[in-house]
2 protein chains.
Amino acid sequence: MATIKEVAAKTGLSPTTVSRVINNHPYVDPKKRKLVLTAMEELGYVPNSSARRLRGQRTNTIAVIISRIVNPFFGHLVDAMEKIAAERGYQLILCDSRLEKERELQQLELLKTKQVDGIILASLQNRWKDIEPYTRFGPIISCNEYDSAADMPMIVCDQEYGGYIGTKHLIDRGHKNIAYAGGTDRIELTRDRFAGFKRAMMEAGIPIVDDYLFPSFYGIEDGKNIFHRMYAMENRPTAIFAGGDEVAAGVIQEAKRFHCRVPDDLAVVGFDNQPLADLIDPGITTIDQPTKLMGTRAMEMMVDMIRHNREVTYKKELLPLQLIIREST
Amino acid sequence: MATIKEVAAKTGLSPTTVSRVINNHPYVDPKKRKLVLTAMEELGYVPNSSARRLRGQRTNTIAVIISRIVNPFFGHLVDAMEKIAAERGYQLILCDSRLEKERELQQLELLKTKQVDGIILASLQNRWKDIEPYTRFGPIISCNEYDSAADMPMIVCDQEYGGYIGTKHLIDRGHKNIAYAGGTDRIELTRDRFAGFKRAMMEAGIPIVDDYLFPSFYGIEDGKNIFHRMYAMENRPTAIFAGGDEVAAGVIQEAKRFHCRVPDDLAVVGFDNQPLADLIDPGITTIDQPTKLMGTRAMEMMVDMIRHNREVTYKKELLPLQLIIREST
DNA sequence: CTGAAAGCGCTTACAG
DNA sequence: CTGAAAGCGCTTACAG
């Protein structure tokens, strides 16, 4: 692999001048510039990025941490981020925390070891106090998930409102026995959604039944399990607000298998508005998250922070959430 | 950020010794080792990876190029790869070619500029002659897609067989008017699948109707379009072998909307066996690809090649494909 | 078991 | 407009 020295030798110029050509500096004799360019071409020269990183103290790489890449929601989020990153000349390192705290912390080390210029947290396994120490080493922002105790920029959706409109919709349809599959309390996002659920229920004067509340779940299989737990109840819920479209899809599929009609016997509301929600039968009423917009904004902000050395301070950017009504309610 | 020099200064030892501690070299006085460890701890020292990269000429980073991350097939493939990479201490750079040749070539440059130690091509936009020059700079292997003209290792499935069993299944169900949504000829994988289709048709003595052949398609919307093109025909096909489950899902959804019964009026076979295939109604008969196994094997092989400086030579590892029968046929 | 020195391949003040 | 020199932060022969 040719180095800058070899290019210099071949042209009879100094490495300094070659470097200036590479970096499009002004003040290089046009003839010499051309000479260098030809030599680079002939030698197949390409600058060594490790050397540039070490010298320049930048990596042009950004890490994004998600919790489960097989969740299509994250697929779309990452897609939007990758697009902006590529446009702006940044590489994307994909980190999957697999919902584990330790993995997330290890991935945050990338910033310390100077392997990335910044990190976007699209999921959050650790508390702010454990994440905060890393902010000293470069910009960290959150996108999708958030922690209001955190002193970092966040691009998020109004989850309380999402929880509210989904629940209100079920109430408006005449339901009172409403189950809720909410995710763990550990995550603020799910707490806020649940707060929206509670607000809607309270406004309507409907008591919340503990047995109808299901903890943290993520995939199709979890949806199936939840259905069975509801099905086994004496007093079955007539509706469920699931934590995501995959969970909702699992509920619906199993309901159909057990001849439980959706929405007549069981109404189902999902979350995310994934393509899946429109594909299965009946289509899933769900809360649309502006996934693409979130990813785009987060990456734009990250690049901006890296480029302008912007200070990392609290800033919450709220994006709109919207009820999409289909046949499952 | 503390450097190795500061650790050395603090301990009164040389950077050499500190380096040896960092890298777990033998022959370091246990007391001094402990001394260094404490100093590193106190200073919050972490080795700068750019310096290590430059010095060591390795990056511990692997790029994977896919063509469309929102395709759940790639989501699962990347998931399996990320798992192995993380286990082995490698970072994963995600590159989405978005089906564009130029982007893929630019992503291959990562190897030249020493930003990655190796590249896994999970999709292939360029011909071998355009990819080959990059092999000089590090290991490149393909996974999923392939090019038999290529002199590189490939972890792939027997697509011809996949095309064959899917088609044979439709023929066994009594179909003669079978449409095929095949992808472009540019890609060998799709050519092979199509060859399997043709073999099955020929064996059964069924002529292939040009109007029933649809070119390259990938998503749900494409499936919908294909349905409409078939629906508009005078002599409608009674079955279709779609290029992927998403396409199949689009066909099925639109068929239902137009009261075309699946499988009675139109039988549908997909490809990939994505979770989606089991979720929609009717479930999609499809060809199961061992996605996880492919990703795992590819990453294992890549790490092995990087570690042992294995020569990059042709080697085709064929994984099994399997027909999954559901209600769409 | 330990350290001084060289060098990985760049870029950037500095001097001219 | 150009070049010599220093230095980014490591690691690895080499010598002891």
Side-chain angles (χ1 to χ4, degrees), chain A residues 1-37 39-40 43-61 89 109-117 137-138, chain B residues 1-37 39-40 43-61 89 109-117 137-138:
Chain A
M1 207 44 215
T3 69
I4 203 170
K5 249 179 161 173
E6 300 176 46
V7 179
K10 191 175 169 109
T11 55
L13 294 164
S14 72
T16 309
T17 303
V18 176
S19 172
R20 280 199 264 260
V21 172
I22 295 167
N23 295 288
N24 273 312
H25 273 248
Y27 309 131
V28 178
D29 183 307
K31 278 175 210 154
K32 292 185 180 159
R33 182 185 297 278
K34 205 162 285 172
L35 198 65
V36 170
L37 257 15
M40 294 202 314
L43 292 168
Y45 170 79
V46 168
N48 178 308
S49 71
S50 300
R52 295 183 115 178
R53 285 173 182 228
L54 177 58
R55 185 52 234 240
Q57 307 284 37
R58 311 163 288 91
T59 66
N60 289 314
T61 304
E109 291 280 327
L110 290 173
L111 206 53
K112 233 179 178 172
T113 57
K114 299 268 183 276
Q115 293 193 65
V116 301
D117 294 337
F137 306 106
Chain B
M1 208 46 215
T3 69
I4 203 170
K5 249 178 159 172
E6 298 175 48
V7 179
K10 192 175 171 112
T11 54
L13 295 164
S14 71
T16 308
T17 303
V18 176
S19 172
R20 282 199 263 261
V21 172
I22 295 167
N23 296 288
N24 274 313
H25 272 249
Y27 309 132
V28 177
D29 183 307
K31 277 175 210 153
K32 292 185 179 157
R33 183 186 295 278
K34 204 163 284 175
L35 198 65
V36 170
L37 257 16
M40 294 203 312
L43 292 168
Y45 170 79
V46 168
N48 177 308
S49 70
S50 300
R52 294 184 115 179
R53 285 173 182 228
L54 177 57
R55 185 51 234 242
Q57 308 283 37
R58 312 163 288 91
T59 65
N60 288 316
T61 304
E109 290 280 327
L110 291 172
L111 205 54
K112 231 179 179 171
T113 58
K114 299 266 183 278
Q115 293 192 65
V116 300
D117 293 337
F137 306 106

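Residue numbering restarts at 1 for every chain, and letters A, B, ... go by the order of the sequence lines.
Distance, I4(B) CD1 to dT12(D) P: 11 Å, rounded to whole Å. What separates CG of N24(B) from P of dT11(D) is a distance of 12 Å, to the nearest Å. Note: NZ (K5(A)) to P (dA4(D)) measures 12 Å, nearest angstrom. Between N60(B) atom CG and dC10(D) atom P the separation is 15 Å, expressed in whole Å. For the pair H25(B) NE2 and dC10(D) P, the computed distance is 15 Å after rounding to whole Å. With rounding to whole Å, I22(A) atom CD1 is found 11 Å from dT12(C) atom P. Whole-Å rounding puts the L35(A) CG to dC1(D) P distance at 16 Å. Per the geometry, CZ belonging to R33(A) stands 13 Å off C1' belonging to dT2(D), to the nearest Å.
Proximity of residues 45-55 of chain A to DNA chain D (heavy atom under 4.0 angstrom from any strand atom) is restricted to L54(A), R55(A).
For T3(B), the side-chain hydrogen bond (donor to acceptor under 3.5 Å, both in side chains) criterion is met by no residue, not counting sequence neighbours. Every residue two or more places apart in sequence or in another chain was checked for a side-chain hydrogen bond (donor to acceptor under 3.5 Å, both in side chains) with N48(B), and none qualifies. By the side-chain hydrogen bond (donor to acceptor under 3.5 Å, both in side chains) test, T113(B) is found to be paired with Q115(B), residues two or more places apart in sequence or in another chain being considered. Scanning for side-chain hydrogen bond (donor to acceptor under 3.5 Å, both in side chains) contacts around S50(A) gives an empty result, with sequence neighbours left out. By the side chain to side chain contact (heavy atoms under 4.5 Å, CB included) test, S19(A) pairs with I4(A), N23(A), sequence neighbours left out. Remark: E109(A) engages K112(A) in a salt bridge (charged side-chain N to carboxylate O under 4.0 Å, His left out) (not counting sequence neighbours). Judged as a side chain to side chain contact (heavy atoms under 4.5 Å, CB included), and not counting sequence neighbours, the contacts of R33(A) are V21(A), N24(A), V28(A), L37(A).
dG16(C) and dT12(C) have their C1' atoms separated by 16 Å, given to the nearest Å.
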Output a table of nitrogen or oxygen pairs between the protein and nucleotides 13-16 of chain D separated by less than 3.5 Å.
none

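Counting all heavy atoms, side chain and backbone alike, L111(B) lies closest to G138(B) at CD2-O, 3.5 Å. The nearest pair of heavy atoms linking G89(B) to N60(B) is O-CB, 3.9 Å.
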Exercise. Could you summarise the pairing of DNA chain D as dot-bracket text, marking Watson-Crick and G-U pairs under 3.5 Å with ( ) or [ ] inside the strand and | across strands?
Key: |||.||||||||.|||

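In this structure, the nucleotide among dT11(D), dC10(D), dC1(C) sitting nearest to the side chain of Y27(B) is dC1(C).
Judged purely by atom type and a 3.5 angstrom limit, T16(B) has no side-chain atom pairing as donor or acceptor with the backbone of S14(B).
A close approach under 4.0 Å does occur between a side-chain nitrogen or oxygen of T17(A) and OP1 or OP2 of dG3(D). Within the 4.0 Å cut-off from OP1 or OP2 of dG9(C), at least one side-chain nitrogen or oxygen of Q57(B) is found. OP1 or OP2 of dT2(C) sits under 4.0 Å from a side-chain N or O of K32(B).
Applying the salt bridge (charged side-chain N to carboxylate O under 4.0 Å, His left out) rule to pairs touching residues 4-29 of chain B yields K10(B)-E42(B), sequence neighbours excluded.
Counting only heavy atoms from C-beta outward, the side chains of I22(A) and R52(A) approach each other to under 4.5 Å.
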